[in-house]
Number of protein chains: 2
Amino acid sequence: MAEPDRNAAKEKFLGFLEAKNLRITAQRRAIVDTVFGTDQHFTAEQLLEWAREKDSSVSRATVYRTLPLLTESGLVHEMDFGKDYKIYDPNYADHPNHNHIICDDCDKIVEFESDRLDQLENEISTGLGFKVKSQQLRINASCEEMKRLGECKNKGN
Amino acid sequence: MAEPDRNAAKEKFLGFLEAKNLRITAQRRAIVDTVFGTDQHFTAEQLLEWAREKDSSVSRATVYRTLPLLTESGLVHEMDFGKDYKIYDPNYADHPNHNHIICDDCDKIVEFESDRLDQLENEISTGLGFKVKSQQLRINASCEEMKRLGECKNKGN
DNA sequence: AAGATATTGAGACTCAGTATCATTGTCAAC
DNA sequence: GTTGACAATGATACTGAGTCTCAATATCTT
């Protein structure tokens with residue numbers, strides 16, 4: 001099930017490049033193959049490293065130049081959790097999702113969607129004179145329930 | 001109404017330093033006076049500039065060393081909007097607020113509160129087995145309305 | 001094959017933030 | 001008040017993610 005989706009994403013991106021009169025180069029192929037060949041979140045530097053395993057000629061500059069194209073195409077999502085690097089999600093097209101609950105005790109991150117939330121955000125923004133472009137909700141919590149069930153592998157304290 | 005609050009915050013912070021056996025220095029006084037003498041959000045570099053107007057001996061290092069103390073004391077809130085600098089809110093103790101709309105074109109930031117939002121977040125979190133500890137909603141938008149009124153001094157493009 | 005131009009890699013650069021370290025300031029004990 | 005332990009300081013070197021520049025190269029259309 002995952003395979004075809006990944007290929008579809010790759011094809012979509014190549015089409016995106018074509019539509020913008022951008023060229024399909026060996027380096028971009030290596031980067032795109034890497035991005036859509038994993039399910040994991042990654043940083044720019046990780047992507048550079050992985051892409052270089054496919055094509056050692058890929059440079060840092062090209063990775064940083066390609067990432068905005070990937071996010072612009074809507075196939076990859078850029079996330080900022082307040083660290084000094086950004087994290088990219090290659091599954092965005094399949095599961096577009098900007099809402100995260102992070103357990104402060106363990107590393108569990110749960111994503112969720114909510115139409116009611118989207119609607120409320122739009123309502124509030126419009127009322128304040130803004131047009132929503134993107135949104136990100138982060139809820140820091142403790143997974144009491146899961147702790148009881150032994151699913152939360154508490155790390156600190 | 002704002003005056004006493006500001007002084008209260010200042011006193012609280014000096015008490016916080018004392019409780020941690022940290023020293024009250026001229027530079028920290030200048031920084032604290034600056035922080036609690038404004039209602040505006042600020043960056044570390046802005047704080048440095050402003051504090052230097054009160055005491056020219058304040059260094060960048062001291063500002064960056066004092067900011068974590070201010071946030072640790074709970075009187076100032078650190079925010080990260082995905083730009084390459086952090087923004088600090090000196091009103092945190094009075095109006096704890098984690099919902100922001102950021103205009104991507106200009107630097108305008110609007111805060112808002114919403115009981116409906118809080119309630120919805122609680123509802124969703126509980127449903128997923130979490131207990132909310134804190135939350136942060138960031139909406140990136142364009143202030144179309146304000147642009148029309150000439151209030152959004154669009155910078156790029 | 002040729003030409004217009006998009007793309008590239010290398011490395012210089014930016015900029016917020018951190019680390020280092022010799023010097024100075026604070027404050028409690030005397 | 002002096003003293004002294006040590007917290008705090010400024011200057012400055014450094015870090016690390018990300019950007020910019022530019023001459024050289026690759027792509028794609030004709």
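Keep in mind that the numbers below use all heavy atoms, side chains included, and drop hydrogens, waters and symmetry copies.
With distances taken from any side-chain atom of A/Ile24 to the nucleotides C/dG17, D/dC28, D/dT9, the minimum falls on D/dC28. Of the listed nucleotides (C/dG25, C/dG9, D/dA17), C/dG25 has the atom at the smallest distance from the side chain of B/Arg23. In this structure, of C/dG9, D/dA11, D/dA8, it is D/dA8 that holds the atom nearest to the side chain of B/Arg28. Of all nucleotides listed (C/dG17, D/dT19, C/dG9), D/dT19 comes nearest to the side chain of A/Tyr64. Each of D/dC28, C/dA19, D/dA8 was ranked by its minimum atom distance to the side chain of B/Ala61; first place goes to C/dA19.
Side-chain atoms of B/Ser125 come within 3.5 Å of backbone atoms of B/Glu121 as a donor-acceptor pair (strictly under, hydrogens ignored).
Between D/dT9 and B/Thr25, a contact under 4.0 Å exists linking OP1 or OP2 to a side-chain N or O. A sub-4.0 Å separation between OP1 or OP2 of D/dA8 and a side-chain N or O of B/Gln27 is absent.
Here the rule is side chain to side chain donor-acceptor pair (under 3.5 Å) with B/Asn99, and of B/Glu113, B/Gln135, B/Arg138, B/Glu111 only B/Gln135 fits it.
Each of B/Arg60 and A/Leu22 was matched to the nucleotide of DNA chain C holding its nearest heavy atom; the match closer to the 5' end belongs to A/Leu22. Of the two residues near DNA chain C, A/Ala26 and B/Glu45, the one whose nearest nucleotide lies more 5' is A/Ala26.
For C/dT8, its base never sits under 3.5 Å from the side chain of A/Arg65 at any donor and acceptor pair.
To the nearest angstrom, C1' of C/dG17 lies 11 Å from CG of B/Leu67. Atom CG of B/Leu14 is separated from atom P of D/dA7 by 19 Å (rounded to the nearest Å). Between the NZ atom of B/Lys83 and the P atom of D/dG18 there is a distance of 16 Å, given to the nearest Å. In this structure, B/Gln46 atom CD and C/dC15 atom P are separated by 15 Å, rounded to whole Å. We find that NZ of A/Lys86 is positioned 6 Å from P of D/dG18, with the value rounded to whole Å. Atom CG in B/Asp84 sits about 15 Å away from atom C1' in D/dT15, given to the nearest Å. Rounded to whole angstrom, the span from the NZ atom of A/Lys20 across to the P atom of C/dT5 amounts to 18 Å. For the pair A/Tyr85 OH and D/dG16 P, the interatomic distance rounds to 13 Å; values are reported in whole Å.
Here B/Leu17 contributes atom CG and B/Arg29 contributes atom CZ; the two are 10.0 Å apart, rounded to the nearest 0.5 Å.
Counting heavy atoms from C-beta on, the side chains of B/Tyr85 and B/Glu45 never come closer than 4.5 Å.
Taking the six-membered ring for Trp and thresholds of 30 and 60 degrees, A/Tyr88 and A/Phe42 have nearly parallel ring planes, at less than 30 degrees apart.
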